[in-house]
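Report on the structure given below.
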Amino acid sequence: MLRLITKHKEYGEFKSPEFALRSSHFYAAVLSSPSEFAIGLTISRKTGKAHLRNLLKRRVKAWLRLQRDVLPSGFKLNLVARSGAGELTWQDLCQELTDLTGQLRARS
RNA sequence: CGGGAAGAUCAGAUGUCCGCUGUCUCCUUGCGGGACAGAGGAAAGUCCGGACACCACAGGGCGGGAUACUUCCUAACGGGAAGCUGCAGCGAUGCAGAGCCAGCUCCACAGAAACAAACCGCCCGGCGCGCUCCUUUUUUCUGCCGUUGAGAGACCGCAGUUUUUAGUGUCGGGCAAGGGUGAAAUGGUGGUGUAAGAGACCACCGGAAACCUUGGUGACAGGGUUUGCCGGGAAUGCCUUAUCCGGUGCAAUGCCAAAUAGGGAAGCCAGGAAGCGCUGCCCGCGCGUUAUGGCUUCCGGGUAGGCAGCUUGAAUCCGCCCGCGAGGACGGAUCCAGAGGAAUGGACAUCAGCCGCCGCGCCAGCGGCGGACACAGAAUCCGGCUUACGGUCUUCCCGCCGG
RNA sequence: GGUCCAGUAACUCAGCGGUAGAGUAUCUGCCUUUUAAGCAGAGAGUCGUUGGUUCGAGUCCAACCUGGAUCA
């Protein structure tokens, strides 16, 4: 099942990840976690101004909602936005996130 | 039509599907259904001012900070309105604003001097050197002509002769007109005057100050009289004068409060030594004080976490009255985000607007295609300022063309 | 969210309103068999940006930009 990480302490676990995934605009630190798919978002000020950061967060959440039935289970990950991620269009964002989950599914 | 100036206003709309936050409500109480509401003009920068909260505080002074034409508005302001003066602009308009007649300080380079000054210069005097020629004037003498007179002589003219002055250097003094320096050098023009000069004096012009007067609440403006009063700049240099200001900020502050580890109290148990009793002594037992340790209970501080503060307010809209205006008074209506790793997104369609490109048309315009549709995301709340930015409308100014 | 600093040469910093400086680094000579050290010299600045005050701003004033620190 899908779960968003909203507690400060839980983000501390990502300081020593099991493995990491990279794409051109994102970085994901991954831990294994049985029978759930937990995701946290980290979007720093370098990504863009406040309205761009909010837009990116909402779009990632919307994408997760659309894909909730086909997400792989057994992972806990922190998705970090890199510079330039705020300027992505909706179509490019979907493509990149789908590629990332493809990498994740190959690991499991 | 083109180029400007000032102000006001909007920040796409509608529908369908999936999804988020809050409040209310319904029942089959479960991560249920329904209704309603859900970012901005700047939410930004955090540059000012308040509300509110806690801390400090007799009163006053010094120190520190802020502000600075006038009158007003306001809870308050460094904000705003209406004016005044100066500057810029052909103009609509815009920008600036206490005081260098309290004192101190600074003004590079250049220049004599940024002060009460003198380099060149103009003038006077002393001393030294020099003194060619011409002209003019005055004086002395001589000659000639003329006039007058009896004469001596006097007068006029011409010629000659002699002396002095006019040059330069230096010293002392006077002057501030001219030259030159600079961003800036002591009001301007003409005259009188003087050795040369100078508002030293005079006329006119330009300012300034004092007094009187008219208008204005006032800044100030107009008029008149008098005074030669007329020497820069910098207070966004120190400063002076006037007014205002205690500090910290919702991560303020208050309440509830887990686990773990500390603190305090009580009880029980263990436990070493002093004392008392049984008993005069020893052992033993009991009572009992007190280090220490353990357990239980209670209290207090307090962390994670939760709740309050948290959105009804100098509020918004409408009407009417007062005021040139900023704004104020009254009446009515409305409740309009309250999140807390932080809520507004995604997909599709239609219409409107804007922008870009292409095609047609003499122009106005018409058609098609495309567009993360400008800047940008509330975090205690208000009043401003500043900065970013897409349109629309109104009023005004200038230029050109046509009637 | 609040508060407070800083910005000058490639780097670290000075700078009394009057011609922008020091050390390190770089480059070029000299020295040395060569390098290092040493000696001599050179180049390199929109003083974060834009306005204002001033005759004249790195400096004074205002607005903005970019970094950083701090408060649980």
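Please read these numbers as outputs of a predicted model, since none were measured by experiment. Convention: sequence-line order gives letters A, B, ...; per-chain numbering from 1.
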Set of side chain to side chain donor-acceptor pair (under 3.5 Å) partners for A:Glu96, sequence neighbours left out:
A:Ser23, A:Ser24, A:His25
Results of side chain to side chain contact (heavy atoms under 4.5 Å, CB included) for A:Lys49 - residues two or more places apart only:
A:His51
A:Asp92: what forms a side chain to side chain contact (heavy atoms under 4.5 Å, CB included) with it, not counting sequence neighbours?
A:Leu88, A:Thr89
Which base, if any, makes a Watson-Crick or G-U wobble pair with B:G301, both distances under 3.5 Å?
none
Using a 90° cut-off around 0 for syn, call B:G41 syn or anti.
syn
Which ILVMFWY residues can you reach from A:Leu52 by hopping between side chains whose heavy atoms are under 4.5 Å apart?
none
Nucleotide opposite B:C401 in a Watson-Crick or G-U pair, distances under 3.5 Å:
none
Pair partner, B:U16 [Watson-Crick or wobble, under 3.5 Å]:
B:A347
Could you identify the nucleotide paired to B:A234, looking across every strand shown and requiring Watson-Crick or G-U wobble geometry with both distances under 3.5 Å?
B:U105
Does a nitrogen or oxygen in the side chain of A:Lys61 sit under 4.0 Å from OP1 or OP2 of B:G345?
no
Inter-nucleotide C1' distance (B:A343, B:A379), Å rounded:
12 Å
Quick one: is B:A347 close enough that its OP1 or OP2 comes under 4.0 Å of any side-chain N or O from A:Trp90?
yes
On a whole-Å scale, what distance lies between the P atoms belonging to C:U3 and B:G247?
14 Å
No-hydrogen, no-angle side-chain donor-acceptor test under 3.5 Å, A:Ser32 and A:Glu18:
yes
Using a 90° cut-off around 0 for syn, call B:G206 syn or anti.
anti
Is the glycosidic angle of B:G302 within 90° of 0, making it syn, or outside that range, making it anti?
anti
If we call it a pair only when both distances are under 3.5 Å in a Watson-Crick or G-U wobble match, what pairs with B:C295?
B:G267
With pairs taken as Watson-Crick or G-U wobble and both distances under 3.5 angstrom, which stems of at least three consecutive pairs involve RNA chain C?
C:1-7 with C:65-71, C:10-13 with C:21-24, C:26-30 with C:38-42, C:48-52 with C:60-64
Assigned partner base of B:G149, Watson-Crick or wobble definition, under 3.5 Å
none
Any strand is fair game: report the nucleotide pairing with B:A51 by Watson-Crick or G-U wobble, both distances under 3.5 Å, or none.
B:U380
Which glycosidic conformation, syn or anti, is assigned to B:C336 if syn requires a torsion within 90° of zero?
syn
Could I get the full list of side chain to side chain donor-acceptor pair (under 3.5 Å) partners for A:Asn54, not counting sequence neighbours?
none
Using the P atom on both, measure B:C336 against B:U74 and round to a whole Å.
31 Å
Closest approach to the side chain of A:Ala62, judged atom by atom: which nucleotide of B:G377, B:A347, B:G346 is it?
B:G346
For A:Arg59 and B:G345, is the shortest distance between a side-chain N/O and OP1 or OP2 below 4.0 Å?
no
Over how many whole Å does the gap from A:His25 atom NE2 to B:A372 atom C1' extend?
13 Å
Side-chain N or O of A:His51 versus OP1/OP2 of B:A376: is the shortest distance under 4.0 Å?
no
Taking the chi torsion of B:A152, is it syn (within 90° of 0) or anti (everything else)?
anti
Which comes earlier along RNA chain B counting from the 5' end, the contact point of A:Asn54 or that of A:Arg65, where each point is its nearest nucleotide?
A:Arg65
Pairing check on B:G172: which nucleotide meets the Watson-Crick or G-U wobble criteria with it, both distances under 3.5 Å?
B:C124
Would a single hydrophobic cluster contain both A:Tyr27 and A:Ile43, if residues Ile, Leu, Val, Met, Phe, Trp and Tyr are joined by side-chain heavy-atom contacts under 4.5 Å?
no
So, OP1 or OP2 of B:U344: does either fall under 4.0 Å of a side-chain N or O from A:Arg58?
yes
Closest to the 5' end of RNA chain B, once A:Gln91 and A:Leu41 are matched to their nearest nucleotides, is A:Leu41
